[in-house]
Amino acid sequence: MAIQPPRGTYDIVPGETRKWQALEALLCPVVSAAGYKEIRTPVFEHTELFKRGVGETTDIVNKEMYTFADKSERSLTLRPEGTAGVVRAYLSHGLSRQSPPVKLWYMGPMFRYERTQTGRQRQFHQIGIEAFGSEGPAIDAEVIVVAVDCMAAVGVKNFQVHLNSIGCRQCRPRFREILKEAIASKRQYLCQDCQDRFERNPLRMLDCKSPACQEHYQGAPASLDNLCPDCLSHWQGLLSLLAELGVAVVINERLVRGLDYYGRTVFELIADDTRLGVQSTICAGGRYDYLVETLGGPPTPAVGWAAGLERISLLMEPAQAETPLTFVVCPSAPAALKLACAVRRAGFSCELDFPPQGGSPRGFARQLQQANKTGAAWSLIQGEDELQGGEVTVKSMKDGSQARIPVEKLIAFLQENCRNGV
RNA sequence: GCAGGUGUCGCCAAGCGGUUAAGGCCCCGGAUUGUGGUUCCGGUAUUCGGGGGUUCGAGUCCCCUCAUCUGCCCCA
């Protein structure tokens, strides 16, 4: 084939759209039940929003953004994640003046200029929730439980909840220094990336994938041991709430997260499944108490997460094909369409035959063959005879039994014999 | 940005320098112009991702390019 979609993008074709519809249908009730309201924001924003929101030092901003100038030379960027835009909208619409907490959810495409591989593409989809205005650990716990419930709703089972606290404005700078001091003597043995991180973002050293680096970090100080009293009590409060709620967590003091705006609680849902390729994180989030302020709003504590729908989709079974309930078999195109429309308006799905390109109308047997191919449960046969007498023959495609009834009784017949529409 | 793998019909796939490019599925048509699912018959690639080159001759060898996959980095 000559014509391809751009690298990293893909079409969701009819065989797969059902799965996506199912994903949305399954997830939406979970977040709604928890009181989150859907918000839809633009897929592109001012570049500056992401630079300030996500952080200048992050890879996302440095090398992964789809940035372009519009015809008025404004610098715009296809959103690489959802939180910055949601916070912007939250401020744009004065939602910060609503009684807290303000709880929002979103779902849609995100864009990151990366090399593609299993579980990673340039246009991908996320669902996420954000809770603004509550500081206590209870809202952290709720947010995490909603994530766990979402996985249950879509049938994803093999995952762990990794959890950590990386401290706040008070204690993080101090911890950063403690960490640097502890590592300083080993600095020359670290990988190049970690040597850079040492200056720019020391915490990121801790989740380096290099086994050699990890060796050197054995026994390195953990943020959990260096929390200020407030952060410590928040952390302990969260742990006991999650225990109370029966959410098993793995305390992972190496968990840091890539985005600058996180503080205190950070967590990831990590799946163990080869279908994800080398990827494993299906949902990630945390607290970002300074982001609203950073973007020009009032100081507002906030916590949320985003989950990758493609990755979740990889863990789900293929959806069942869609099949019409009935299929009209009739030599007269106008009569066939008329009958099909009547059936459809009564709430039953109905298909009929259309001649292929360059072909002549299909004969009786061929139309029945089409009916069979679509998987229809019933054929509504209206040949010359039936048309004459204002009748229709209803044939079960399952057992071949059939009955000839007046057309007026067709809807009643379907209502009686076919329970749930479809 | 880096490292490997792959690219022959809508899908799977043979072919590995020599006249007209297997096969299967799907699709289309017929056997069967009022009864499907089985079966049988027939049809569908001037062309092998694209461009150069080597050769009497290339899908088959070489070079470049594009796309795709897997991994690194990073992330959902």
Side-chain angles (χ1 to χ4, degrees), chain A residues 1-10 13 15 54 57-64 80-83 107-128 147 159 191-194 196-197 201 204 207-210 256-259 268-271 274 276-285 305-315 327 329-331 353 355-387 393-402 404:
Chain A
M1 264 308 276
I3 191 82
Q4 303 277 352
R7 167 175 288 183
T9 68
Y10 63 103
V13 292
V54 178
T57 66
T58 59
D59 279 357
I60 288 181
V61 168
N62 282 315
K63 50 180 220 192
E64 293 175 1
E81 55 97 55
T83 302
M107 176 167 356
M110 305 294 161
F111 306 84
R112 255 119 98 157
Y113 191 90
E114 300 186 279
R115 290 300 290 204
T116 55
Q117 55 182 266
T118 304
R120 188 150 100 210
Q121 32 276 129
R122 292 182 171 181
Q123 174 175 343
F124 61 104
H125 298 78
Q126 290 186 329
I127 181 174
F159 66 90
C191 69
Q192 187 57 52
D193 286 330
C194 278
D196 295 341
R197 290 174 185 135
N201 196 346
R204 298 293 316 284
D207 68 354
C208 179
K209 301 290 193 300
S210 153
V256 173
R257 311 259 48 246
L259 284 50
E268 283 187 13
L269 269 48
I270 297 179
T274 53
L276 289 177
V278 75
Q279 259 59 243
S280 60
T281 302
I282 50 178
C283 173
W305 52 253
L309 296 179
E310 277 77 4
R311 290 185 185 177
I312 290 171
S313 176
L314 285 172
L315 301 177
F327 193 105
V329 173
C330 175
D353 185 54
Q357 181 178 34
S360 48
R362 282 185 257 247
F364 190 87
R366 297 278 300 150
Q367 287 198 20
L368 219 38
Q369 200 178 85
Q370 294 299 315
N372 188 60
K373 230 180 278 184
T374 63
W378 303 88
S379 283
L380 311 178
I381 301 172
Q382 206 169 37
E384 301 294 341
D385 295 356
E386 286 90 345
L387 282 172
T393 295
V394 182
K395 177 186 175 82
S396 162
M397 298 304 279
K398 264 217 179 75
D399 58 24
S401 65
Q402 60 185 56
R404 195 151 154 170

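Source: prediction; values computed, not measured.
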* Nearest non-hydrogen partners of Pro80(A) and Phe124(A), listed with the distance -> O-CZ, 4.1 Å
* Arg366(A) side chain near U35(B) phosphate (N/O to OP1/OP2, under 4.0 Å) -> no
* To do: State the CG-CG distance between Leu276(A) and Leu315(A), to the nearest 0.5 angstrom.
  => 4.5 Å
* Heavy atoms under 4.0 Å, any strand shown: does Gly277(A) hit a base, just sugar-phosphate, or nothing? -> sugar-phosphate
* P atom, C26(B) versus C41(B): distance in rounded Å? -> 15 Å
* To do: For Glu114(A), report the nucleic acid contact type (base, sugar-phosphate, nothing); a contact means any heavy atom under 4.0 Å.
  => base
* G-U wobble or Watson-Crick pairing nucleotide for C40(B) (cut-off 3.5 Å, both distances) -> G30(B)
* Asked: Near RNA chain B, which residues from residues 369-379 of chain A have a heavy atom under 4.0 Å away?
  -> Gln369(A), Asn372(A), Lys373(A)
* **Spacing of OG1 belonging to Thr58(A) relative to CG belonging to Asn201(A), to within rounding of 0.5 Å** => 9.5 Å
* Take Tyr113(A) and Thr281(A), find for each the nucleotide of RNA chain B with the closest heavy atom, and name the residue whose nucleotide sits nearer the 5' end. => Tyr113(A)
* Base, sugar-phosphate alone, or nothing: which one does Glu81(A) contact when heavy atoms must sit under 4.0 Å apart? -> nothing
* How long is the line joining CZ of Arg122(A) and C1' of A76(B), in whole Å? -> 16 Å
* To do: Using Watson-Crick or G-U wobble geometry with both distances below 3.5 Å, tell me the partner of C72(B), or none.
  => G1(B)
* Asked: Rounded to the Å, how far apart are Ile127(A) CD1 and A76(B) C1'?
  -> 12 Å
* Euclidean distance for P, U60(B) against U54(B) (whole angstrom) -> 15 Å
* Asked: When you compare G52(B) with A14(B), how far apart are their P atoms, in angstrom units rounded to a whole number?
  -> 28 Å
* Leu380(A) CG to U35(B) C1': how many Å, rounded? -> 14 Å
* **Integer angstrom distance from the P of U68(B) to that of A31(B)** => 46 Å
* Asked: Between G71(B) and C61(B), how far is it from one C1' atom to the other, in whole Å?
  -> 30 Å
* Contact under 4.0 Å: Arg7(A) side-chain N or O vs C66(B) OP1/OP2 -> no
* Asked: Got a donor-acceptor contact below 3.5 angstrom from the Arg122(A) side chain to the Thr116(A) backbone?
  -> no
* Calculate the interatomic distance between Phe364(A) atom CZ and U32(B) atom P; express it in whole Å. => 17 Å
* **Pairwise C1' distance for A13(B) and A22(B), with rounding to whole Å** => 10 Å
* Integer-rounded Å distance: U33(B) P and Asp385(A) CG -> 16 Å
* Asked: Are the side chain of Glu64(A) and the backbone N or O of Glu114(A) linked by a donor-acceptor pair below 3.5 Å?
  -> no
* To do: Compare side-chain N and O positions of Thr116(A) against OP1 and OP2 of C69(B) and report whether any pair is under 4.0 Å apart.
  => yes
* Which of the following nucleotides, A76(B), C75(B), C28(B), is nearest to the side chain of Arg204(A)? -> C75(B)
* **Nucleotide opposite G23(B) in a Watson-Crick or G-U pair, distances under 3.5 Å** => C12(B)
* To do: Send over the distance from Met397(A) CE to U38(B) P, rounded to a whole Å.
  => 12 Å
* To do: Determine yes or no for a side-chain-to-main-chain donor-acceptor pair under 3.5 angstrom, with Gln367(A) supplying the side chain and Phe364(A) the backbone.
  => no
* Asked: Can you name the closest pair of heavy atoms from Gln370(A) and Phe327(A) and give their distance?
  -> CB-CZ, 3.7 Å
* For Ile282(A) and C75(B), what is the distance between atoms CD1 and P respectively, to the nearest whole Å? -> 18 Å
* Could one point to a donor on the side chain of Gln402(A) or the base of U35(B) with an acceptor on the other under 3.5 Å away? -> yes
* **Pairing partner (Watson-Crick or G-U wobble, both distances under 3.5 angstrom) of A58(B)** => none
* To do: Measure the distance from CD on Gln382(A) to P on U35(B) and round it to the nearest whole Å.
  => 18 Å
* Asked: On a whole-Å scale, what distance lies between the C1' atoms belonging to A58(B) and G1(B)?
  -> 35 Å
* Taking a pair as Watson-Crick or G-U wobble with both distances under 3.5 Å, which nucleotide is matched to U47(B)? -> none
* Closest to side chain of Thr118(A), choosing from C28(B), C69(B), C75(B) -> C69(B)
* Asked: Is any side-chain nitrogen or oxygen of Arg115(A) closer than 4.0 Å to OP1 or OP2 of C72(B)?
  -> no
* **Nucleotide nearest Gln117(A) (side chain, heavy atoms from C-beta), chosen from G34(B), G71(B), U68(B)** => G71(B)
* **Gln123(A) and Thr9(A): side chain donor to acceptor below 3.5 Å** => no
* Any side-chain donor-acceptor pair under 3.5 Å between Gln402(A) and Thr393(A)? -> no
* Structure fact -> Ranking Gln121(A) and Pro6(A) by the position along RNA chain B of their nearest nucleotide, the one closer to 5' is Pro6(A)
* To do: Taking atom C1' in both G59(B) and C16(B), compute the distance separating them and give it to the nearest angstrom.
  => 10 Å
* If you look at every strand shown and take non-hydrogen atoms under 4.0 Å, does Gly383(A) touch a base, only sugar-phosphate, or nothing? -> base
* Start with the C-alpha distance between Arg115(A) and Arg7(A), add both sets of side-chain angles, then the distance that settles side chain to side chain contact (heavy atoms under 4.5 Å, CB included), and finish with yes or no. => CA-CA 9 Å; Arg115(A) 290 300 290 204; Arg7(A) 167 175 288 183; 3.0 Å; yes
